[in-house]
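If you read the sequence from its start, that first residue is 1, and numbering goes on from there.
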Amino acid sequence: MSEKGKLVSRWQGSFTKGTDFDSWGQLVEAVDEYQMLSRQLHKEATSSSSPFTDDQKRTLSKIASCLELRSRALQSPHSSDGFELQDLKKVESVLPALLSKSQLEFPVAVPSTPLKPPPMLDSGKINDLDVEDEEDEEEDAALGATGGSKGSGGDSATTGGSGHTFTAPTSSYRSGILLPRIPNEPGMTLLTINIEKIGFKDAISHVDPFITVSVKDVSGVDVTSVQETPVSIKKEDLYIYFDTDVEVQKPIEKLPKGTAIFFEFKHYKPKKKFTSTKCFAFMELDEIKPGPCVIELYKKPTDFKRKKLSLLTSKPLYLHLRLTLHTE
C-alpha cells in the first residue's frame, strides 16, 4: 500500500471511531478522537513534504475544520447552531476519494479560514475535557454553596432540615431519552429498572446530572438502544435522586451470554461548558433479581469490556436500583 493509502486508511479508522463514540453518546471520547484527527489532518495539509497535492491539502483542511466544528458543538451543548453529526458523516466519503484522480465536491459548507484544533498540552496529550481537577471541584463547591448555576438549565436551591436540599425545575437542557416497554412474548421475561438515586460526597454540587443506560455484550457492543434519564430534579445530602423507570428493550432470555447493563453518571460542567462522565456502574445477568439492589461505582473511563475496573471510592456510596420482572 502506498504512503497516501496508509494515511487515508488510518484516518478513516479514526474518523469512524469518533463518529461511533458520538452516536453512542460517549462525547468525551468523541471530542478526543475528533481533535486528534483534526490535528493530524491540519499537520499534513501544511506539510511541505506531504505526498498530497495542493488541492488535496485544501480538502484535508476542510475535513479538519469539520471535525473541529463538531468538537466545538459537543463542548457547547446549549448552542442551537452547532455542527451536527449527520453533517460530519457526509464528510466521511471524502477521505477515500483522496486516493482517486477525480475529487468529490465537498458535501458541506465550511469556513473559508481553516479552524485549528486546540494545542497540545506539555505532556503531549490532547487537553482532556473530562478531567476532574481541583479547580473544577472548587467551582462546583462554590455553585453548591450559593445554589447558583452558570449553565442554562441549572438548579434552583432550597435548604432546610439537617442537610442541604436542591430541587430543580424541569431542565431545558436534557429531557431524557426513554423508550416504552416492548410487547412481551410467551415464556419471556421483561425487565424494568427503576433508577432511584446515586450517592456522592459532593452530590449537591453537580449541575444537570443524568444517567445513560446501555446494554452491552461481552465485547462492549450495544445489544439494545441506548437510553438516558431526564435530569435529576432533587439532590439531598449525599444523594442525587432520579426515580426514573428504564425499560430494557429485549427479553432477558434473549440477551447474549456475558451481557451487562451499564449506567454512566454524567453532569454538566459550567466552567468548561461540557458534559462530563463522572463514573459508571454495571449489572451482570446473574445479578438480575426482583426488588431493590445497590451496585458499586467505578472510575471513568467507562470500560464496557470490564477488564480494568477501579472503584470510585471506598465510601459506602452506590447506585440504588429497584428491579421489576414482567412475565406474560
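- With sequence neighbours excluded, the residues forming a salt bridge (Lys or Arg N to Asp or Glu O under 4.0 Å) with E196 are R322, listed by chain and number.
- Across V91 and C66, no two heavy atoms sit closer than the pair CG2-SG, 3.9 Å.
- Taking the ring centroids of F52 and W11, they lie under the 6.0 Å cut-off.
- L191 CG to Q249 CD: the interatomic distance, rounded to the nearest 0.5 Å, is 11.0 Å.
- Scanning for ring pair (Phe, Tyr, Trp, His ring centres under 6.0 Å) contacts around F21 gives an empty result, with sequence neighbours left out.
- Legend: salt bridge (Lys or Arg N to Asp or Glu O under 4.0 Å) pairs involving residues 302-320, not counting sequence neighbours, sorted by first then second residue: E284-R306.
- Applying the ring pair (Phe, Tyr, Trp, His ring centres under 6.0 Å) test to F282 and every residue at least two apart in sequence or in another chain returns F262, Y298.
- A distance-only check finds a donor-acceptor pair linking the side chain of T259 to the backbone of P256 [under 3.5 Å].
- In terms of the salt bridge (Lys or Arg N to Asp or Glu O under 4.0 Å) criterion, residue partners of K254 (sequence neighbours excluded) are, by chain and number, E185.
- Panel note: side chain D202, backbone S205; no donor-acceptor pair is recorded below 3.5 Å.
- Here the side chain of S50 pairs no donor or acceptor atom with the backbone of A45 at under 3.5 angstrom.
- Residues meeting the side-chain hydrogen bond (donor to acceptor under 3.5 Å, both in side chains) test with E247, sequence neighbours left out: R181, T192.
- Within the 3.5 Å criterion, the main-chain N or O of S61 finds a donor-acceptor partner in the side chain of S65.
- Using a 4.5 Å cut-off on side-chain heavy atoms (C-beta onward), D22 and R70 make contact.
- With sequence neighbours excluded, no residue forms a side-chain hydrogen bond (donor to acceptor under 3.5 Å, both in side chains) with N184.
- Residues that satisfy the side-chain hydrogen bond (donor to acceptor under 3.5 Å, both in side chains) test with T224, not counting sequence neighbours, are absent from this structure.
- Between K234 and E236 a salt bridge is recorded (basic side-chain N to carboxylate O distance below 4.0 Å).
- Looking at E44, its side chain never comes within 3.5 Å of a backbone N or O of L41 through a donor-acceptor pair.
- Under a 4.5 Å side-chain heavy-atom criterion applied to ILVMFWY residues, the cluster that includes L238 comprises Y239, Y241, L317 as well.
- Cluster partners of V294 are Y318, counting Ile, Leu, Val, Met, Phe, Trp and Tyr whose side-chain heavy atoms approach within less than 4.5 Å, directly or via other members.
- For the side chain to side chain donor-acceptor pair (under 3.5 Å) with T16, the qualifying choice from K89, E33, E92 is E92, the only one to do so.
- Under the rule for a ring pair (Phe, Tyr, Trp, His ring centres under 6.0 Å), the partners of F200 that lie at least two apart in sequence or sit in another chain are H206, F265.
- A search for side-chain hydrogen bond (donor to acceptor under 3.5 Å, both in side chains) contacts involving T212 returns K266, not counting sequence neighbours.
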